[in-house]
Amino acid sequence: MGTIRLVQGDITKVKADAIVNAANTSLLGGGGVDGAIHKAAGPELLEYCKKCGGARPGEAKISPGFRLPAKYVIHAVGPVWYGGNRREDEILKNAYLSSLKLARAKQLKSIAFPSISTGAYHFPKERAARIAIETIKSFINNNTYPDEIIFVLFDDESYQIYRSFLEK
Ligand code: ADP
């Protein structure tokens with residue numbers, strides 16, 4: 001049994017065992033939360049990620065956090081939203097599950113998630129929040145690690161959506 005917390009703000013400031021990055025398949029950085037994480041972690045992160053060989057949608061890879069307060073960064077690749085008929089739901093669920101499995105393998109206690117795929121990738125926000133929350137709740141109910149989940153929502157709309165789902 002773990003705990004789920006909700007905060008509004010910048011995930012690069014969060015001192016968790018791992019923060020999750022909404023990465024693209026190259027794992028070489030980009031805009032949004034990806035750009036913010038690379039900027040805060042320093043150029044060592046890009047050097048490290050160049051050796052990771054990319055990741056497919058639904059997969060994740062782990063790196064050190066370098067200059068971040070978090071020990072690790074888990075780079076998860078979410079789906080681009082094409083309207084819902086290209087297995088977007090399943091791929092988003094797999095991006096969360098792949099991240100959780102990497103945290104479990106390293107016995108990490110705390111992990112912070114942004115809202116994967118709902119920025120530049122245009123996945124509908126409420127639909128994504130439901131998938132994120134359901135996937136994470138079921139995982140932490142069946143595993144010892146991780147046991148402290150922090151959802152870090154950047155914009156007010158996403159924060160309010162998560163708040164209303166988590167209050168239910
Ligand atoms: P994607 O390409 O997966 O859609 P984005 O980074 O474009 O990823 O957006 C994903 C979510 O991350 C959006 O809700 C965006 O507002 C949010 N975001 C952007 N910067 C940060 C940050 N520094 N910390 C947490 N969330 C952020």
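Atoms within a ligand are numbered from 1 in the order they appear, just like the ligands themselves.
Interatomic distance, I131 CD1 to I136 CD1, rounded to the nearest 0.5 Å: 11.5 Å. The structure places OG of S138 at 7.5 Å from CG of L97, a figure rounded to the nearest 0.5 Å.
The residues lining ligand 1, counting any heavy atom closer than 4.0 Å, are G9, D10, I11, A22, G32, V33, A36, S115, S117, T118, G119, A120, Y121, F154, D155.
Legend: residues meeting salt bridge (Lys or Arg N to Asp or Glu O under 4.0 Å) with D155, ordered by chain and number and at least two apart, are K125.
Formation of a donor-acceptor pair under 3.5 Å by the E88 side chain with backbone atoms of Y82 is found in this model.
Contact check on K93 versus E90 returns no salt bridge, with no Lys/Arg side-chain nitrogen under 4.0 Å from an Asp/Glu carboxylate oxygen. Between E44 and R67, at least one side-chain nitrogen of the basic residue sits less than 4.0 Å from a carboxylate oxygen of the acidic one, meeting the salt-bridge criterion.
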